[in-house]
Amino acid sequence: MDKVYKHQDVEKKWYTLWEKGGYFTPRPPAGGSGQAPKKKPFTIIMPPPNANDPLHIGHAMFVTIEDILIRYYRMKGNPTLWLPGSDHAGIETQYVFEKKLQKEGKSRFDFTREEFYKTVYNYVMENTDIMTAQLRKLGASCDWTRFKFTLDSDIVKIVYETFYQLYRDGHVYRSERMINFCPRCGTAFSDLEAKDVVQKDSLYYMKYGPFTLATVRPETKFGDTAVAVNPSDKRYKKWIGKEVEVEGLMGKFTMRVIADEVIDPKFGTGVIKVTPAHDPDDFEIAKRHNLEIRRVIDFNGRLNEKTGKYQGLTVKEARKVVVSDLEKKGLIEKIDENYEHSIKVCYRCGMTLEPMLLPQWFVKVDELKKPAMEVVKKGDIEIIPKRFTKQYLNWMTNLRDWNISRQIWWGIAIPAWYCTDCTKIEKIGGITSIPKDAPVVVQEEKPKKCHKCGGTDFIQDPDTFDTWFSSGQWPYATLMTAKPNDFDSFYPTSVMETAADILYLWVARMIMLGIYKTGKIPFHTVYLHAIVRDKHGQKISKSKGNIIDPIEMAEKYGADALRLALIWGIAPGGDSYMGEEKILGMRNFGNKLWNIGRFIRMNMDFFEKQGISIPSYSSSDERSEESRSLLQSSSRLRSNNIDRSNLSPEDKKILTQLGMLERGVTKEIENFQFAKAAERLYEFIWHTFADKYIEEAKVELRKNNAEKLSILIYVYKTCLTLLHPFMPFITEEIFRELNPNNKNPLIASVWPNI
RNA sequence: GGACGAUUAGCUCAGCGGUAGAGUACUGCACUCACAUUGCAGGGGUCGCAGGUUCAAAUCCUGCAUCGUCCACCA
């Protein structure tokens with residue numbers, strides 16, 4: 001054995017051997033004679049990484065955890081499937097790509113939609129290759145023969161079927177509602193994608209006919225269609241229902257005064273202007289009072305032709321100009337400059353979101369959420385850590401209809417068609433707007449003839465699906481399309497392991513859609529890991545410059561060291577911190593492990609040269625399928641050639657401790673306590689086995705005590721087996737060094753039976 | 001405005017009813033005989049604050065403080 005473990009060569013070599021050997025593909029349950037009870041399949045659907053960016057440390061986190069589980073169950077003999085994939089990540093990818101275009105001085109509007117789609121597709125394909133190579137580097141033992149992409153035609157077909165079904169069942173509808181629109185990204189977002197930011201703004205008290213009212217958005221005044229007060233507000237009672245005359249920037253106009261319960265008399269002066277087209281609350285008020293809805297801001301974030309000389313100004317610019325003009329006219333009474341409130345910004349680009357009216361497709365969640373809550377309440381789906389159960393249920397309770405249409409090109413086109421003869425199609429600020437009540441045909445193919453007017457020209461809905469609408473179907477969509485019978489064999493899956501911050505965005509939707517489409521839960525257990533932080537506990541982000549590149553770390557210290565460092569010292573669901581020193585420490589552990597192997601190998605060589613035979617102490621490499629039953633039925637101590645009475649107290653002690661370790665590690669893995677399992681192994685291997693037992697054994701080895709060596713080999717090999725899920729490469733390499741003639745690699749060895 | 005989490009050794013975190021733990025950092029000694037990516041030895045904490053329950057509390061309860069996360073349509 002080399003003096004130093006060379007992880008670069010070893011990792012590449014073994015990954016190729018494993019993959020070529022077909023070890024990642026699920027094998028039928030053991031028990032050739034058909035006597036052995038069939039073991040339950042163990043399945044994880046990999047959260048598909050976005051196909052637009054190389055992997056970051058968070059990906060390395062889920063790879064580590066999932067690979068530990070997968071390797072463990074595979075060694076236990078369960079038919080084990082880990083299905084990999086990648087996500088087209090609509091908005092994310094389009095954003096990244098448009099930024100790239102911007103650098104080249106271009107925009108998406110320089111392309112036709114088809115060209116754009118094709119260009120992004122090629123870009124994504126290139127990235128996918130990088131991404132899958134990186135997953136391999138980290139040791140992910142997933143089944144590449146079943147790799148799926150969210151835009152694979154068979155996946156898209158299933159996404160469409162679900163959409164048709166939802167539409168037929170009345171769970172999907174098209175409607176005009178106030179949505180969060182990002183003028184820079186040019187698309188609407190769901191509520192979850194709108195980030196709340198608290199900031200200080202000016203609150204303007206402006207004169208408005210006989211009233212003074214407070215607003216932070218004077219620039220929207222051109223869209224006002226009423227003035228509202230609280231019905232019980234004595235100050236304004238006499239005005240309710242009356243028309244008032246208001247002096248404005250574009251002359252005098254009249255405005256109706258209405259009363260609505262939502263108006264807080266304590267806010268400002270107790271009077272508000274109602275701007276239904278640009279404020280969600282005002283929109284609701286307008287619906288109750290049948291007010292006119294007048295849009296004055298376009299989808300490009302600029303004021304439109306209804307605003308006279310202000311047309312073309314951005315919201316920000318317009319606010320300044322409008323305020324200064326109002327001041328000139330003496331219409332501003334006072335300005336509170338320290339008004340603190342929260343606004344919604346685009347989670348992607350940080351731009352202030354404009355509440356806008358645009359017809360959108362929605363999933364009605366009322367009926368979908370009921371069973372999705374039930375299964376969690378009843379424990380059919382267990383969420384780990386437990387505290388997220390409450391969060392999940394709470395969120396579900398308050399869940400509102402889900403906007404699933406996005407005004408972007410990169411994604412799955414919505415299969416809906418409108419007859420151009422009986423529909424008035426408008427282009428507003430780069431957005432194609434189709435009226436909310438337009439007759440729609442929901443199907444994949446372009447319809448031939450309009451049932452209403454007989455027209456033959458149709459336009460497809462210009463929008464694409466929210467990425468989460470397709471990834472929300474991932475567990476069943478993948479299994480229905482990967483290999484024949486996969487769905488029957490592996491659905492519902494065992495564990496959904498993912499980051500805690502997408503519990504709502506993704507997990508909740510998978511549960512709702514999974515139950516709706518298949519009648520079954522998509523997975524039994526949800527295991528949520530928290531975010532990886534840097535060594536100071538800071539959130540990792542590009543802007544902070546504290547990025548830890550997992551691939552760089554794996555190249556420097558080895559994937560094994562990185563993997564162990566990632567799960568080291570964290571409670572389930574607790575935040576993980578990651579510093580280079582930690583990886584270094586784990587690399588050192590690997591070095592220790594390697595040197596124990598060298599020590600044993602050297603002694604084996606020495607004994608063999610002397611012609612001393614080493615008794616076999618039931619080594620795990622010989623646990624073939626045939627010997628499995630033997631192992632299951634009898635104690636390993638009795639199944640070997642060692643006379644138990646010869647064991648020294650130290651031997652008995654180490655074997656007892658080893659037994660405890662086997663039980664401990666097994667229990668911890670099954671309880672998702674990976675850090676505990678790893679710590680037990682670390683402690684035993686280094687401080688119990690190496691520091692104490694081996695040191696004591698040296699005396700006996702010098703006396704050519706072959707039985708001592710056989711116990712060393714046995715304990716060590718067992719450790720390698722137990723450690724394999726955590727550090728697959730180095731354990732596999734040492735294992736081979738100790739058994740050069742054994743064809744059966746450690747990845748296919750049998751987990752110690754307990 | 002709600003909900004949840006955190007507060008333990010210089011740093012990052014485990015422990016969650018029974019004599020304070022890990023990694024890392026630090027100090028001293030030790031390199032022919034597996035490993036200096038090492039070994040041996042050691043220093044370092046009234047476990048955020050204040051009450052309470054208990055024979056016994058980092059650990060359970062109550063309140064407070066600070067930090068963080070999520071949720072919520074308030075102009």
Side-chain angles (χ1 to χ4, degrees), chain A residues 1 3-5 7 178 180 191-192 194-196 201 203-204 213-218 220 224 228 260 262-264 266-275 278-285 339 341-344 355 385-400 500-501 503-504 530-531 533-539 557-558 561 564-565 568-603 673 675-676 678-680 682-683 686-687 690-691 694-695 698 701-702 712:
Chain A
M1 283 169 80
K3 184 157 185 193
V4 176
Y5 169 65
H7 64 263
M178 198 52 79
N180 312 297
D191 295 338
L192 275 178
K195 258 188 99 66
D196 290 304
D201 270 313
L203 182 63
Y204 303 95
L213 56 79
T215 178
V216 284
R217 302 205 60 183
T220 63
D224 298 348
D260 199 288
V262 299
I263 315 302
D264 179 0
K266 291 193 199 81
F267 180 85
T269 57
V271 188
I272 68 151
K273 63 192 198 63
V274 185
T275 321
H278 300 289
D279 184 283
D281 299 321
D282 292 3
F283 181 65
E284 292 304 314
I285 294 172
Y339 177 62
H341 69 150
S342 80
I343 55 156
K344 285 189 186 297
K386 263 205 191 82
R387 63 189 153 89
F388 285 108
T389 306
K390 205 173 164 187
Q391 274 194 32
Y392 170 87
L393 292 173
N394 185 38
W395 183 76
M396 274 289 192
T397 309
N398 299 318
L399 189 59
R400 297 187 305 166
D501 53 4
L503 173 63
Y504 307 136
I531 54 167
R533 296 170 177 276
D534 76 0
K535 63 180 171 181
H536 303 295
Q538 292 272 311
K539 216 168 180 172
Y557 300 107
L564 206 55
W568 194 259
I570 57 160
D575 285 356
S576 167
Y577 82 101
M578 181 45 61
E580 204 166 330
E581 320 83 71
K582 194 166 159 181
I583 309 172
L584 187 96
M586 296 304 132
R587 194 274 316 263
N588 294 353
F589 173 62
N591 176 256
K592 174 57 83 174
L593 188 73
W594 180 254
N595 277 291
I596 300 170
R598 279 182 72 212
F599 176 75
I600 290 175
R601 182 69 256 176
M602 283 163 108
N603 277 284
Q673 299 273 359
K676 276 190 185 168
E679 278 157 28
R680 274 175 191 263
Y682 182 100
E683 178 65 24
W686 201 323
H687 301 301
D691 289 349
I694 291 183
E695 288 307 317
K698 282 177 179 172
L701 290 174
R702 279 187 210 115
L712 278 177

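Residue numbers begin at 1 in each chain, while the letters A, B, ... track the order of the sequences.
- With P as the reference atom, B/rG43 and B/rC61 are 35 Å apart, rounded to whole Å.
- For the pair A/Lys273 and A/Leu213, the tightest heavy-atom approach, listed with the atom from each and the gap, is N-CD2, 3.7 Å.
- Atom CD1 of A/Ile596 is separated from atom P of B/rU37 by 17 Å (rounded to the nearest Å).
- What separates CG of A/Asn180 from C1' of B/rC73 is a distance of 11 Å, to the nearest Å.
- Counting any heavy atom pair closer than 4.0 Å across all strands shown, A/Tyr5 reaches no nucleic acid atom.
- Set against B/rA34, B/rU38, B/rC70, the side chain of A/Gln391 has B/rC70 as its closest nucleotide.
- No N or O donor and acceptor, one from the side chain of A/Gln673 and one from the base of B/rA14, sit under 3.5 Å apart.
- Across B/rA36, B/rU38, B/rC71, the shortest atom-to-atom separation from the side chain of A/Asn588 is found for B/rU38.
- Spacing between B/rG23 and B/rG5 at atom C1', rounded to whole Å, works out to 23 Å.
- Distance check on atom C1': B/rG63 versus B/rU19 gives 30 Å, rounded to whole Å.
- Distance A/Lys266 NZ to B/rG1 P: 14 Å, rounded to the nearest Å.
- Rounded to the nearest 0.5 Å, atoms OG1 (A/Thr275) and CG (A/Asp224) are 4.0 Å apart.
- If you take CG of A/Leu701 and C1' of B/rC33, they are 13 Å apart, rounded to a whole angstrom.
- Between A/Lys3 and A/Arg598, some side-chain heavy-atom pair lies under the 4.5 Å cut-off.
- Nearest to the side chain of A/Met602, among B/rA34, B/rG23, B/rG39, sits B/rA34.
- Protein atom CZ of A/Arg587 is 12 Å distant from nucleotide atom P of B/rA36, rounded to whole Å.
- Of the P atoms belonging to B/rC33 and B/rG28, the separation is 24 Å, rounded to the nearest Å.
- If you check B/rC60 for Watson-Crick or wobble pairing at under 3.5 angstrom, you find it paired to B/rG52.
- For A/Trp568, whose side chain is taken as the heavy atoms from C-beta onward, the closest listed nucleotide among B/rG23, B/rA34, B/rC71 is B/rG23.
- A distance of 10.0 Å separates CZ of A/Arg587 from CD of A/Glu580, quoted to the nearest 0.5 Å.
- Across all strands, A/Glu695 comes closer than 4.0 Å to base atoms (heavy-atom distances).
- Within 4.0 Å (heavy atoms only), A/Tyr392 reaches no atom of the nucleic acid at all.
- Looking at heavy-atom distances under 4.0 Å, A/Val262 makes contact with a base.
- To the nearest 0.5 angstrom, A/Leu701 atom CG is 12.5 Å from A/Met602 atom CE.
- Nearest nucleotide to the side chain of A/Asp264, out of B/rA14, B/rC74, B/rC4: B/rC74.
- Closest to the side chain of A/Tyr682, from the set B/rG23, B/rC4, B/rA34, is B/rG23.
- Using a distance-only test at 3.5 Å, with no hydrogens or angles considered, a donor-acceptor pair links the side chain of A/Asn595 to the main chain of A/Asn591.
- When Watson-Crick and G-U wobble pairs are counted only if both distances are under 3.5 Å, B/rC67 pairs with B/rG5.
- Applying the 90° cutoff around 0 to the glycosidic angle, B/rA30 is assigned anti.
- Relative to the ring axis of A/Tyr682, A/Lys592 does not place its NZ or CZ within 45° and under 6.0 Å from the centre.
- OP1 and OP2 of B/rG5 both lie 4.0 Å or more from every side-chain N or O belonging to A/Lys390.
- Distance noted for atom C1' between B/rG45 and B/rU7: 14 Å (whole Å).
- With a 3.5 Å ceiling on both atom-pair distances, the Watson-Crick or G-U wobble partner of B/rG42 is B/rC26.
- Side-chain nitrogen and oxygen atoms of A/Arg400 include at least one within less than 4.0 Å of the OP1 or OP2 phosphate oxygen of B/rC73.
- Residue order along RNA chain B, read from the 5' end via each residue's closest nucleotide, puts A/Asp691 first among A/Val216 and A/Asp691.
- Between A/Ala675 and A/His687, it is A/Ala675 whose nearest contact on RNA chain B lies nearer the 5' terminus.
- Candidate nucleotides B/rU24, B/rC4, B/rC35 were compared by shortest atom distance to the side chain of A/Glu581, and B/rU24 ranks first.
- Using a 4.0 Å heavy-atom distance criterion, A/Ile263 is classed as a base contact.
- No donor-acceptor contact under 3.5 Å links the side chain of A/Lys582 to the base of B/rA22.
- B/rU54 sits 33 Å from B/rG68 when the C1' atoms are compared, rounded to a whole Å.
- Rounded to whole Å, atom P of B/rA3 lies 10 Å from atom CG of A/Asn394.
- Among the protein residues, A/Lys386 comes within range of no part of the nucleic acid, since none of its heavy atoms lies under 4.0 Å from any strand.
- Here B/rC73 presents its C1' atom at 8 Å from CG of A/Asp279, a figure rounded to the nearest Å.
- Distance check: A/Lys698 NZ to A/Phe599 CZ gives 5.0 Å after rounding to the nearest 0.5 Å.
- B/rC16 and B/rA22: their P atoms are spaced 16 Å apart (whole Å).
- Rounding to whole angstrom units, CD of residue A/Glu683 and P of B/rG23 are separated by 8 Å.
- The same atom, C1', is picked in B/rG15 and in B/rG21; the two are 7 Å apart, to the nearest Å.
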